[in-house]
Amino acid sequence: MKTILSIQSHVAMGYVGNRAASFPLQRLGFEVIAVNTVELSNHTGYGEWTGRNLSPSEIASIISGVEARGGLEQCDAVLTGYLGDRETGQVILDAVAKVRRCNSRALFCCDPVMGDQGQGFFVQPGIPDFMRDAIAPAADILTPNQFELEFLSGGPIASLEQALLATAKVRNRNTKYVLLTSFSRIDASPATIEMLLDSPDGAWLVSTPKVLLSPPPNGAGDCVTALFLAHFLKTRAPAQALGYAASAIYAVFQATARAGTRELQIIAAQDELSCPSKTFHVERVQ
C-alpha cells in the first residue's frame, strides 16, 4: 500500500486542504500522513474564522517525530498545499529532501496555493516569490489554477496557445508535469471548464460542463490535486490520470449542487471518487 505525506491546511468544518485531500486518497487505497500547516474552524471564504497558523518550527517538529517513527521511509510522494507562512516553504523542501533520501523515486506534488482570479493573492507577502523561485522548480508535479499559473509563468493566459506557452515555461525550470486545474479561455465554450496537463510526453486537455455553484466551493483544487496524484501513482499514465481527476471532481460538483451547500460533498460522492459514473474525453493538444 502506497503512502503519501500531505502537508496542507486543516479546517474543523468543511473540505479544504488536508480535509479535501486525505479522504479521497484514503478512499482510493492510500495511507496518508497528514501534517497541518494551519488549524482553523473553517475556510477563510466565510469571512470569519478562529484558529491559528502553526509555526514553521512546530511543523518541522511534527515531521521530525514522523521521521523518528520511520514514517518518511514509507512515503511514495509528498503532497503540499497552503503554507500559511513563508518559512514553512523551507520546512517543506527539507521534508521532500528527507523523503527522497529514503526513496529516490518518491514524487513531490505541489498545489501552489497563492490566490485566484477575482481575488488576487490571499497569502502572506513573500510566499508567492518563494513558491515561484524555490518550491515550484523542486516539484515533479505542479497543479496551479489559472491565476497562479499566470504568476508562475509571468504572463497572461486567455487562450490555449498562451496556456501551453505558460506551462512550457514552468516546465523548463525543472517541473515535469504541470496541471492547470481550472482553465477558462476565450476560444472555448463559456458553459465548460477545462483542465490542461503538460508533460514530457505531450499535452492533453479535458473539458467538463460547468456546474453552477454559488458561492463557488473552496477546496476544489486541493481535491483535484489529490485525485490526480493518486491515479498517477497507480498508473504512471498522465492522460489517464487527467481524465480520471476531471470525471471525479465533476461528480463531486454535481453532488454539491444537489445538496445546495458551499462545502464540497466529498463524502456523498465517495463512490464516484473510485469509479466515476460519467467519464470525459481527453484530447491530445501537443
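Remember, it's a predicted structure, so these values are computed and weren't measured experimentally. For reference, positions follow the sequence shown, starting with 1. Computation of the quantities below employed the complete heavy-atom set of this structure, encompassing side-chain atoms and omitting hydrogens, waters and symmetry-equivalent molecules.
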Pair S159-D187, side chain to side chain donor-acceptor pair (under 3.5 Å): steps then yes or no:
CA-CA 6 Å; S159 67; D187 45 349; 5.0 Å; no
Start with the C-alpha distance between T256 and V211, add both sets of side-chain angles, then the distance that settles side chain to side chain contact (heavy atoms under 4.5 Å, CB included), and finish with yes or no.
CA-CA 9 Å; T256 304; V211 180; over 6 Å; no
Yes or no on side chain to side chain contact (heavy atoms under 4.5 Å, CB included) for D129 and F151, after CA distance, side-chain angles and deciding distance?
CA-CA 9 Å; D129 289 346; F151 171 75; 3.7 Å; yes
Residue pair E194, L196: steps toward the side chain to side chain contact (heavy atoms under 4.5 Å, CB included) verdict:
CA-CA 7 Å; E194 295 175 319; L196 174 68; over 6 Å; no
Yes or no on side chain to side chain contact (heavy atoms under 4.5 Å, CB included) for C102 and E67, after CA distance, side-chain angles and deciding distance?
CA-CA 10 Å; C102 299; E67 181 182 21; over 6 Å; no
Determine whether E263 and T261 satisfy the following criterion, side chain to side chain donor-acceptor pair (under 3.5 Å), listing intermediate values before the conclusion.
CA-CA 5 Å; E263 294 291 353; T261 175; over 6 Å; no
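Neither L205 nor I141 shares a network with the other; the hydrophobic side chains, linked directly or stepwise wherever heavy atoms of I, L, V, M, F, W or Y lie under 4.5 Å apart, form separate groups for each. A continuous path of Ile, Leu, Val, Met, Phe, Trp and Tyr side chains, each step under 4.5 Å between heavy atoms, connects M131 with L142, placing both in one hydrophobic cluster. By the rule that hydrophobic residues join a cluster once side-chain heavy atoms approach within less than 4.5 Å of another member, L180 and L164 end up as members of one cluster. When the side chains of ILVMFWY residues are joined at heavy-atom separations under 4.5 Å, either directly or via intervening members, V16 and L227 end up in two distinct hydrophobic clusters. Hydrophobic clustering (side-chain heavy atoms under 4.5 Å, transitive across Ile, Leu, Val, Met, Phe, Trp, Tyr) keeps L179 apart from F147.
Annotation for M13: hydrophobic cluster partners, listed by chain and number, are Y46 (ILVMFWY side-chain heavy atoms under 4.5 Å, direct or chained).
Under a 3.5 Å cut-off, the side chain of D85 and the backbone N or O of S55 do not form any donor-acceptor pair. Listed for the S274 side chain is a donor-acceptor partner under 3.5 Å among the backbone atoms of D271. Side chain of R173 to backbone of P137: no donor-acceptor contact under 3.5 angstrom is found. Of the possible polar contacts, none joining the N103 side chain to the Q74 backbone as a donor-acceptor pair under 3.5 Å is found. Proximity of a side-chain donor or acceptor of N42 to a complementary backbone N or O of V11 within less than 3.5 Å is not detected. Using a distance-only test at 3.5 Å, with no hydrogens or angles considered, a donor-acceptor pair links the side chain of Q270 to the main chain of I267. Using a distance-only test at 3.5 Å, with no hydrogens or angles considered, a donor-acceptor pair links the side chain of E148 to the main chain of N145. Put simply, the side chain of Q146 gets close to the backbone of I157: a donor and an acceptor are under 3.5 Å apart. Put simply, the side chain of S9 never gets that close to the backbone of T37: no donor and acceptor are under 3.5 Å apart. Formation of a donor-acceptor pair under 3.5 Å by the Q119 side chain with backbone atoms of G115 is not found in this model.
The environment of CD in E48 is sparse: at most 12 heavy-atom neighbours from other residues, nucleotides or ligands sit within 6.0 Å. Heavy-atom contacts from other residues, nucleotides or ligands closer than 6.0 Å to CD of E161 number 12 or fewer.
Looking at residues two or more places apart in sequence or on another chain, you find no salt bridge (charged side-chain N to carboxylate O under 4.0 Å, His left out) involving R105. In this structure E73 satisfies the salt bridge (charged side-chain N to carboxylate O under 4.0 Å, His left out) test with no other residue, sequence neighbours excluded. Scored by the side-chain contact (heavy atoms from CB on, under 4.5 Å) test, R69 finds no partners at all (sequence neighbours excluded). Not counting sequence neighbours, E39 has no partner by the salt bridge (charged side-chain N to carboxylate O under 4.0 Å, His left out) test. Listed by chain and number, the residues in a salt bridge (charged side-chain N to carboxylate O under 4.0 Å, His left out) with K210 amount to none (sequence neighbours excluded).
In this structure, D198 and A168 approach most closely via the heavy-atom pair OD2-N, 3.5 Å. Of all heavy-atom pairs between I266 and C223, the closest is CD1-SG, 4.2 Å. Counting all heavy atoms, side chain and backbone alike, A106 lies closest to A77 at CB-N, 4.4 Å. For the pair L79 and L229, the tightest heavy-atom approach, listed with the atom from each and the gap, is CB-CD2, 4.1 Å. When all heavy atoms of T167 and V178 are compared, the pair lying nearest together is CG2-CG1, 3.8 Å. Contact detail for I249 and A220: the closest heavy-atom pair is CD1-O, 4.2 Å.
Note that OG1 of T80 is 10.5 Å distant from CG of D222, once rounded to the nearest 0.5 Å. Distance check: Q8 CD to I92 CD1 gives 9.0 Å after rounding to the nearest 0.5 Å. A distance of 8.0 Å separates CG of N218 from CG of L264, quoted to the nearest 0.5 Å. Distance check: E58 CD to N53 CG gives 10.0 Å after rounding to the nearest 0.5 Å. Residue Y177 holds its OH atom at 12.0 Å from SG of C109, rounded to the nearest 0.5 Å. How far CZ of R171 is from NZ of K176: 10.0 Å, rounded to the nearest 0.5 Å.
Side-chain atoms of V91 and I63, non-hydrogen and from C-beta on, do get closer than 4.5 Å to each other. Looking only at side-chain heavy atoms (C-beta outward), F228 and T181 stay at 4.5 Å or farther from each other. Using a 4.5 Å heavy-atom threshold, the side chains of V123 and L83 count as separate. When side chains are defined from C-beta on, T44 does not count as touching F122, because their heavy atoms never get closer than 4.5 Å. In this structure, S247 and E272 have side chains that are not in contact, with every pair of non-hydrogen atoms separated by 4.5 Å or more. By the 4.5 Å heavy-atom criterion applied to side chains, R262 and H43 are counted as neighbours. At least one side-chain heavy atom of F30 sits less than 4.5 Å from a side-chain heavy atom of K234. I193 is listed as a side-chain neighbour of T208, based on a closest heavy-atom distance under 4.5 Å.
Remark: aromatic rings of F23 and Y15 are distant, center separation not under 6.0 Å.
Between Y244 and H231, the ring planes are parallel. Angles under 30° get that label, and only those over 60° would be called perpendicular.
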